[in-house]
Number of protein chains: 2
Amino acid sequence: MTGIRAALGKDIMRELGSSQPTAVELEILRILWDLGPSPVRDIHARLYQAKGTNYSTTVKMLAVMLNKGLLKRNEQATPHRYRAALTRKQAGKSYLSELIEKVYDGSSMSLVLQALTTGKATRQDIAEVRKLLDDMEGQL
Amino acid sequence: MTGIRAALGKDIMRELGSSQPTAVELEILRILWDLGPSPVRDIHARLYQAKGTNYSTTVKMLAVMLNKGLLKRNEQATPHRYRAALTRKQAGKSYLSELIEKVYDGSSMSLVLQALTTGKATRQDIAEVRKLLDDMEGQL
DNA sequence: GATTCATAGCGAAAGGTTTCGCTGTGACGG
DNA sequence: CCGTCACAGCGAAACCTTTCGCTATGAATC
């Protein structure tokens, strides 16, 4: 089943040689995806709950991420409000492409098949996937 | 201006989970999945090609990975032969679960839908997925 | 036996991330 | 005013991963 190749630019980003969301960074992104634009307090509250780390640490991480371009913030408001610079969907796509490329050897279908068997699907879910398949087939 | 894409770059895989293989580690695993059990020389040849790093570095990484249990080796043979302790499939599953959990918020279907639209599928591929869906539905 | 060569490994440096102590600033209540 | 408090940020320590210089060992070669 190697018929399918990810149609995506492999390591475009690696070429640009920059940094990426690391462990804690991803955790913060998730919080922001969840909460929407938020002040440090709120972000910290969540992070603290999950990891028990210090307030300063949260502030610092936000600064680092802001610097990397992973976050944006509104400095007009007080306290400043931080928000993710990319959507969950965009991030997902990046991770997914990388995963397909590096582990599934470029075959997105291998991944799909595995993912399907990995989670529990409802009838609705299945129907939705079928619908998408129909659309895709229609476009061939 | 450090774009989002740039910021997402480097080694996404590694960041998904602390329990997961790191950047270089994954690279080495891929080499072993590809070559099968191999002596350091061969692994290094590939790694050098990709990254230009020193022979000692390769040896060290293998030692580290061996220590972490990511690799096994046959010490009977000379030179020793290293092999991956997990299959590509197992690793894939591990990353996938992590990805679903952390980015797709536990919804494997979200990921499947996105993955489907991310790659290009042939009629055969689609048929295969349909078949799987039928099976799954049958089990509900 | 001495020299050379491939193999194996150690320990520490280099480089990146995550952590936090401590400082500065402005708003607010007494 | 003055002390207190929330907000913001810096710099350096603590911690991993990755890199490599250097050493050790044994087999093959001179």
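Quick note on labels: first sequence line is chain A, next is B, and so on, each numbered from 1.
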Nearest-0.5 Å distance, CG of residue A:Leu140 to OG1 of residue B:Thr122: 8.0 Å
Touch class at under 4.0 angstrom, heavy-atom based, for B:Val59 against every strand present: base
Base C:dG21 paired with A:Lys60 side chain (donor-acceptor, <3.5 Å): no
Closest to side chain of A:Val24, choosing from C:dT18, D:dA8, D:dT18: C:dT18
Base-paired stems that DNA chain D participates in, counting runs of 3 or more Watson-Crick or G-U pairs under 3.5 Å: C:1-30 with D:1-30
B:Glu101 side, atom CD; B:Leu96 side, atom CG - distance, nearest 0.5 Å: 12.0 Å
Below 4.0 Å: OP1/OP2 of C:dA8 and any side-chain N or O of B:His80: yes
Rounded distance (Å) that lies between atom P of C:dT7 and atom CG of B:Asn74: 15 Å
Sole residue of B:Lys60, B:Arg30, B:Lys68 in salt bridge (Lys or Arg N to Asp or Glu O under 4.0 Å) with B:Glu25: B:Lys68
Interface with DNA chain C, restricted to residues 29-54 of chain B and to heavy atoms under 4.0 Å: B:Val40, B:Arg41
Rounded distance (Å) that lies between atom C1' of D:dT18 and atom CD of B:Glu25: 10 Å
Salt bridge (charged side-chain N to carboxylate O under 4.0 Å, His left out) partners for B:Asp34, two or more places apart: B:Arg46
Results of salt bridge (charged side-chain N to carboxylate O under 4.0 Å, His left out) for A:Arg73 - residues two or more places apart only: A:Glu75
Under 4.0 angstrom between B:Lys68 side-chain N/O and D:dT17 OP1 or OP2: yes
B:Leu62 CG to B:Ile28 CD1 distance, which is reported to the nearest 0.5 Å: 5.0 Å
Filtered N/O pairs between nucleotides 22-28 of chain D and protein, under 3.5 Å:
from   : atom 1 : to      : atom 2 : distance (Å)
D:dC22 : N4     : B:Ser56 : OG     : 3.3

Nearest non-hydrogen partners of B:Gly92 and A:Gln114, listed with the distance: C-OE1, 4.3 Å
N or O in side chain of A:Thr57 less than 4.0 angstrom from C:dC20 OP1/OP2: yes
Minimum-distance nucleotide (side-chain atoms of B:Arg73 versus D:dG9, C:dA8, C:dT19): C:dA8
Pairwise ring-ring contact (aromatic ring centres under 6.0 Å, His included) hits with a residue in residues 47-77 of chain B, at least two apart: B:His44-B:Tyr48, B:His44-B:Tyr55
Nearest-nucleotide 5' precedence on DNA chain C, B:Glu75 against A:Tyr55: B:Glu75
